[in-house]
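Worksheet for the structure shown next.
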Amino acid sequence: MVSYHRDERPFKIGFLLLEGFALMSYASAAEPFRAINHIAGRQLYDVSNISLYGSSVQSSAAGVVRTKTQLGEHTDFDLVIVVAGGDPTLFRDKRVFQWLRHLSRRGVALGGVSGGPVILASAGLMSGYRMTVHWEHASALVEIAPDLILERSIYVIDRDRYTCAGGIAALDMMHHLIASHHGEGLATQVSDWFLHTNVRAPGQPQRAGFVARYGTNSAPVIRAIEAMENHLDDPLELAQVATLSGVGPRQLNRLFSDKLGIGTMAFYRDMRLERAKNLLSQSSLSITEIALATGFCSSAHFAKTFRQKFGSPPSSFRR
């Protein structure tokens with residue numbers, strides 16, 4: 001956590017906006033600082049938008065945000081937050097990586113929102129830190145950098161690293177930051193300003209629970225799905241899934257057919273194929289690597305099963 005004393009100069013935050021950045025994530029992260037300056041009647045936070053070049057950056061929703069600082073210009077930031085969208089695993093700009101590493105050596109705190117945490121990880125700046133990222137990018141990031149301490153929560157603050165899955169979760173993370181600087185009372189006024197009355201703790205999950213996602217509250221089915229999600233790259237046998245669910249294989253199959261309209265292992269296979277499709281579009285892993293990462297014994301078997309499910313070969317889902 002970045003230390004801050006209330007009587008000091010304004011806390012300087014820079015938002016590094018990469019082309020196609022997630023607009024909602026940026027707004028949720030930046031707007032609380034505008035609000036607190038207004039509520040407090042003085043400048044508690046000095047916020048700057050940073051571009052790689054030029055004086056503006058276009059967002060994912062085609063909205064254009066003006067910037068007043070370019071990459072590498074000397075500015076005495078306390079915290080720099082990277083905001084990215086699209087597929088951040090494909091980002092390879094060495095200038096950005098070098099600048100972020102330079103900031104880290106100077107003791108500047110670093111953060112990432114939406115795809116931003118992937119940029120920090122690609123720059124080698126998340127080693128030994130707990131972190132999170134949007135669930136869409138999580139599978140690809142795990143395959144690219146398996147040693148990262150990746151959590152599936154809405155945001156994680158670990159010492160001088162701030163990572164957030166994006167969307168409205170940035171409101172929650174900024175509430176925490178403001179509260180640490182100026183107290184819970186002022187932070188609550190900011191959250192109320194945005195009608196954000198249910199501020200979430202960092203450990204909250206990014207996605208709806210199994211009951212909401214799959215429309216069943218059958219305990220054995222939920223336990224089975226959880227076991228499957230934990231074993232996508234090393235698939236379990238039906239008997240193993242049944243043991244972990246607490247019922248026998250036949251009963252588990254009946255429950256899956258009744259509650260979800262599909263057999264247990266067919267559901268499991270489809271779950272692995274969905275992860276494979278995500279990796280195809282969100283990572284640069286080879287098709288063979290993706291096949292192994294989703295529990296298929298060979299790329300040929302994977303390609304055949306994938307085509308049967310989606311009607312097209314894996315290569316057609318490459319960006």
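Computation of the quantities below employed the complete heavy-atom set of this structure, encompassing side-chain atoms and omitting hydrogens, waters and symmetry-equivalent molecules.
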Legend entry - Test item: side-chain donor near acceptor, Asp234 and His231, under 3.5 Å: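 His231 and Asp234 do have a side-chain donor-acceptor pair below 3.5 Å.
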Legend entry - Distance-only donor-acceptor check, side chains Arg307 and Ser316, under 3.5 Å: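 No donor-acceptor contact under 3.5 Å links the two side chains.
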Legend entry - Aromatic centroids of Phe306 and Phe317 separated by under 6.0 Å: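 Here the rings of Phe306 and Phe317 have centres that are less than 6.0 Å from each other.
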Under 3.5 Å, side chain of [X] to main-chain N/O of [Y], donor-acceptor pair present?
{"X": "Asp158", "Y": "Arg130", "answer": "yes"}
{"X": "Ser180", "Y": "Leu177", "answer": "yes"}
{"X": "Ser245", "Y": "Ala242", "answer": "yes"}
{"X": "Thr163", "Y": "Thr132", "answer": "yes"}
{"X": "Asp46", "Y": "Pro10", "answer": "no"}

Mind checking the [atom1]-[atom2] spacing from [X] to [Y]? Nearest 0.5 Å is all I need.
{"X": "Asp78", "Y": "His181", "atom1": "CG", "atom2": "NE2", "value": "8.0 Å"}
{"X": "Leu273", "Y": "Phe310", "atom1": "CG", "atom2": "CZ", "value": "5.5 Å"}
{"X": "Ser257", "Y": "Leu252", "atom1": "OG", "atom2": "CG", "value": "9.5 Å"}
{"X": "Ser122", "Y": "Leu90", "atom1": "OG", "atom2": "CG", "value": "9.5 Å"}

Legend entry - Salt-bridge present (Asp76, Lys12; N to O < 4.0 Å):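 So Asp76 does not pair with Lys12 through a salt bridge.
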